[in-house]
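A quick note: this is a predicted structure, and the numbers were derived from the prediction, not measured.
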Amino acid sequence: MASMATFFTQTSFPSHSLSKTFDTHFATAPKVNSCVSFRARRQVGVRVSSGLIEPDGGKLVELVVKDSERDLKKGEALSLPRIKLSRIDLQWVHVLSEGWATPLKGFMKEAEFLQTLHFNSLRLDDGSLVNMSVPIVLAIDDEQKHRIGDNKRVALFDSKGDPVAILNDIEIYKHPKEERIARTWGTTAPGLPYVEQTITNAGNWLIGGDLEVIEPIKYNDGLDHFRLSPAELRSEFTRRNADAVFAFQLRNPVHNGHALLMTDTRRRLLEMGYKNPVLLLHPLGGYTKADDVPLDWRMKQHEKVLEDGVLDPETTVVSIFPSPMHYAGPTEVQWHAKARINAGANFYIVGRDPAGMSHPVEKRDLYDADHGKKVLSMAPGLERLNILPFRVAAYDKTQGKMAFFDPSRPQDFLFISGTKMRTLARNKESPPDGFMCPGGWKVLVEYYDSLVPSSNGKVPEAVPA
């Protein structure tokens with residue numbers, strides 16, 4: 001059996017350039033549906049060219065020091081004031097180090113932080129804008145601030161006491177927690193998972209500066225070979241001679257409705273004139289709330305999806321996106337889209353209620369289900385990215401498989417929610433044939449079976465990714 005690593009590894013590639021007279025962004029206009037079909041766009045005219053979409057700012061920012069400097073930087077780190085990184089802090093160092101947040105060169109200083117909070121974008125030296133919708137910041141407390149004193153450099157250490165990075169030309173400024181929460185999530189209601197993990201008990205100060213990361217971030221969890229950097233992904237897309245890359249992010253197991261969406265997207269790109277569009281299936285691999293399926297189980301499930309032929313390994317690259325999850329709806333989905341530009345994607349699939357969650361207090365969704373795709377069509381700094389609105393798929397009882405929903409015969413369709421899917425898996429019940437490939441469903445059942453109380457009556461604690 002081919003390993004999953006065989007299916008998903010290393011790239012760079014050519015992308016489609018669309019003429020300036022062509023609305024590449026699905027922007028809403030009077031009397032025009034923002035969910036413009038591929039066929040309608042094709043009639044306006046598409047010009048295919050080679051070459052990947054450029055990273056934000058024109059150059060990928062990679063912050064890992066050269067091998068020849070590694071020992072020197074380790075020695076320097078040992079002589080500097082220290083900041084101990086949390087698990088989520090380390091994930092943000094990973095994100096920054098590989099260039100997902102290009103053009104950021106480190107944790108945000110105050111000017112970058114304020115632009116992100118108030119404008120969801122950063123203005124570059126040439127006056128242009130790039131999207132940046134979530135703060136990427138590092139919090140410290142009063143004691144740490146006092147210990148740093150007048151130093152302009154600090155060292156960042158992991159939980160094991162090993163040096164991870166040096167933060168240069170530092171700036172320390174107040175951490176406006178309530179404003180940060182309100183502007184990022186649109187609410188200060190208690191119970192927001194990321195807020196409780198990283199902000200509520202965080203220090204009253206933020207420290208920004210330029211990062212020098214001593215060596216590539218590794219987790220040694222058996223999944224590091226899937227954590228391809230933007231540069232590695234670009235190399236892989238080039239190796240596969242891709243002339244378009246369409247990205248799909250998810251934090252759940254892949255069912256056949258997802259697969260239908262992805263394969264249909266490729267079909268439509270071929271109809272537009274692309275010769276070899278490649279799918280970037282890009283599960284989120286940073287922090288997730290405890291009731292989400294953990295990353296290692298999701299990757300096992302994704303492996304079965306490819307083994308069972310639901311997705312084509314030849315035209316699919318599966319990689320892990322290292323960002324932590326905010327569950328901040330339309331604000332956060334901009335970050336998810338922006339980061340994929342830096343990896344070379346020029347198409348981004350957006351679904352219902354992207355990055356959303358249930359309201360932590362009230363019995364309703366926290367965000368309007370359609371706002372994510374609408375915001376992406378208008379977001380500053382994302383004009384170069386083609387937004388592909390999600391087509392709703394459901395189980396068609398007449399065909400015995402997942403199909404695109406037909407509103408003319410709603411009685412024929414069964415919507416299987418994530419909650420319903422989890423309930424079936426927990427109870428070891430099978431979903432309708434054609435909902436998910438058998439191998440993938442077996443993995444999901446095995447995961448929930450692993451949560452059954454042990455002999456001591458305790459349920460294994462879910463560990464956030």
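The CD1 atom of Ile349 sits 13.5 Å away from the NE2 atom of His282 when rounded to the nearest 0.5 Å. Atom CZ of Arg123 and atom OG of Ser128 lie 8.0 Å apart (nearest 0.5 Å). Between the OH atom of Tyr448 and the CE atom of Met421 there is a distance of 6.5 Å, given to the nearest 0.5 Å. A distance of 10.5 Å separates CG in Leu117 from CD in Glu110, rounded to the nearest 0.5 Å. The distance from atom OH of Tyr173 to atom CD1 of Ile207, rounded to the nearest 0.5 Å, is 10.0 Å. Considering OG1 of Thr265 and CZ of Phe248, their distance stands at 8.5 Å, rounded to 0.5 Å.
Side-chain N or O atoms of Arg298 include one that pairs as donor or acceptor with a backbone N or O of Leu284 at under 3.5 Å. Of the possible donor and acceptor atoms, one in the side chain of Asp224 sits under 3.5 Å from a partner among the backbone N and O of Asn220. In this structure a side-chain-to-backbone donor-acceptor pair under 3.5 Å is missing from His371 to Asp368. Between the side chain of Glu383 and the main chain of Gly381, a donor-acceptor pair closer than 3.5 Å is present. Put simply, the side chain of Gln197 never gets that close to the backbone of Tyr194: no donor and acceptor are under 3.5 Å apart. At least one donor-acceptor pair closer than 3.5 Å links the side chain of Asp312 to the backbone N or O of Glu314. No side-chain donor-acceptor contact under 3.5 Å links Ser377 to the backbone of Val375. In this structure, the side chain of Thr102 does not engage the main chain of Asn342 through any donor-acceptor pair within 3.5 Å. Although no hydrogens or angles enter the test, the distance criterion places no donor-acceptor pair under 3.5 Å between the side chain of Asp449 and the main chain of Glu446. Between the side chain of His146 and the backbone N or O of Asp142 there is no donor-acceptor pair closer than 3.5 Å.
In this structure, the side chains of Leu156 and Ile166 stay at 4.5 Å or more apart for every pair of heavy atoms. The closest side-chain heavy-atom distance from Leu280 to Thr316 is not below 4.5 Å. Inter-residue side-chain proximity for Thr263 and Val310 is flagged as unmet; no heavy-atom pair is nearer than 4.5 Å. Between Val130 and Ser121, the closest side-chain pair of non-hydrogen atoms is not below 4.5 Å. Using a 4.5 Å heavy-atom threshold, the side chains of Thr184 and Pro135 count as touching. In this structure, Thr116 and Ser133 have side chains that are not in contact, with every pair of non-hydrogen atoms separated by 4.5 Å or more. At a threshold of 4.5 Å between non-hydrogen side-chain atoms, the residues Val254 and Leu250 count as touching. Pro81 places none of its side-chain heavy atoms less than 4.5 Å from the side chain of Gln144.
Ala343 and Leu233 make their closest contact through CB-CD1, 3.9 Å (heavy atoms, listed as atom of the first residue, atom of the second, distance). The minimum heavy-atom distance between Ile341 and Glu54, with the atom names listed, is CG2-O, 3.7 Å. Considering all non-hydrogen atoms of both residues, Asn256 and Cys437 come closest at OD1-N, 3.7 Å. Residue Ala101 comes nearest to Leu96 through the heavy atom pair CB-CD2, 4.0 Å, listed as atom of the first residue, atom of the second, then distance. Shown here for Pro230 and Glu98, the closest heavy-atom pair between the two residues is CD-O, 3.3 Å. Nearest heavy atoms, Ala77 versus Ile214: CB-CD1, 4.2 Å.
Taking the six-membered ring for Trp, His94 and Tyr219 have ring centres closer than 6.0 Å. In summary, the aromatic rings of Trp185 and His326 are positioned with their centroids under 6.0 Å apart.
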Item to check | Step-by-step side chain to side chain donor-acceptor pair (under 3.5 Å) determination, Asn276 to Arg266 | outcome: CA-CA 9 Å; Asn276 188 31; Arg266 186 171 195 275; 3.2 Å; yes
Next on the checklist: I'd like to know whether Asp141 forms a salt bridge (Lys or Arg N to Asp or Glu O under 4.0 Å) with Lys145, so could you lay out the CA-CA distance, the side-chain angles of the two residues, the decisive distance to 0.1 Å, and finally the verdict.
Outcome noted: CA-CA 6 Å; Asp141 58 27; Lys145 179 177 181 292; over 6 Å; no
Checklist entry - So Lys109 and Asp169, salt bridge (Lys or Arg N to Asp or Glu O under 4.0 Å) or not? Walk me through it. => result CA-CA 10 Å; Lys109 296 183 179 181; Asp169 190 26; 2.9 Å; yes
Checklist entry - Between Asp292 and Tyr287, does a side chain to side chain donor-acceptor pair (under 3.5 Å) hold up when you go through it step by step? => result CA-CA 10 Å; Asp292 282 345; Tyr287 162 80; over 6 Å; no
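Each salt bridge (Lys or Arg N to Asp or Glu O under 4.0 Å) pair with one or both residues in residues 152-167, not counting sequence neighbours, appears once here: Glu76-Arg153, Arg153-Glu212. The list of salt bridge (Lys or Arg N to Asp or Glu O under 4.0 Å) pairs with a residue in residues 329-347, not counting sequence neighbours, reads Asp56-Lys338.
For Asn151, the CG atom sits in a packed shell: over 12 heavy atoms of surrounding residues, nucleotides or ligands are nearer than 6.0 Å. Summarising the local packing, NZ of Lys177 is surrounded by more than 12 heavy atoms from other residues, nucleotides or ligands at distances under 6.0 Å. Open room surrounds NZ on Lys105; 12 or fewer heavy atoms of other groups in view lie less than 6.0 Å from it.
Ion pairing between Asp296 and Lys300 fails under the 4.0 Å rule for side-chain N and carboxylate O. Between Glu179 and Arg183, at least one side-chain nitrogen of the basic residue sits less than 4.0 Å from a carboxylate oxygen of the acidic one, meeting the salt-bridge criterion. A salt bridge links Glu307 to Lys304: one of the charged nitrogens lies within less than 4.0 Å of a carboxylate oxygen. Contact check on Lys442 versus Asp308 returns no salt bridge, with no Lys/Arg side-chain nitrogen under 4.0 Å from an Asp/Glu carboxylate oxygen.
Between Phe321 and Trp335, the angle of the ring planes lies from 30° to 60°, which puts this pair in the tilted group.
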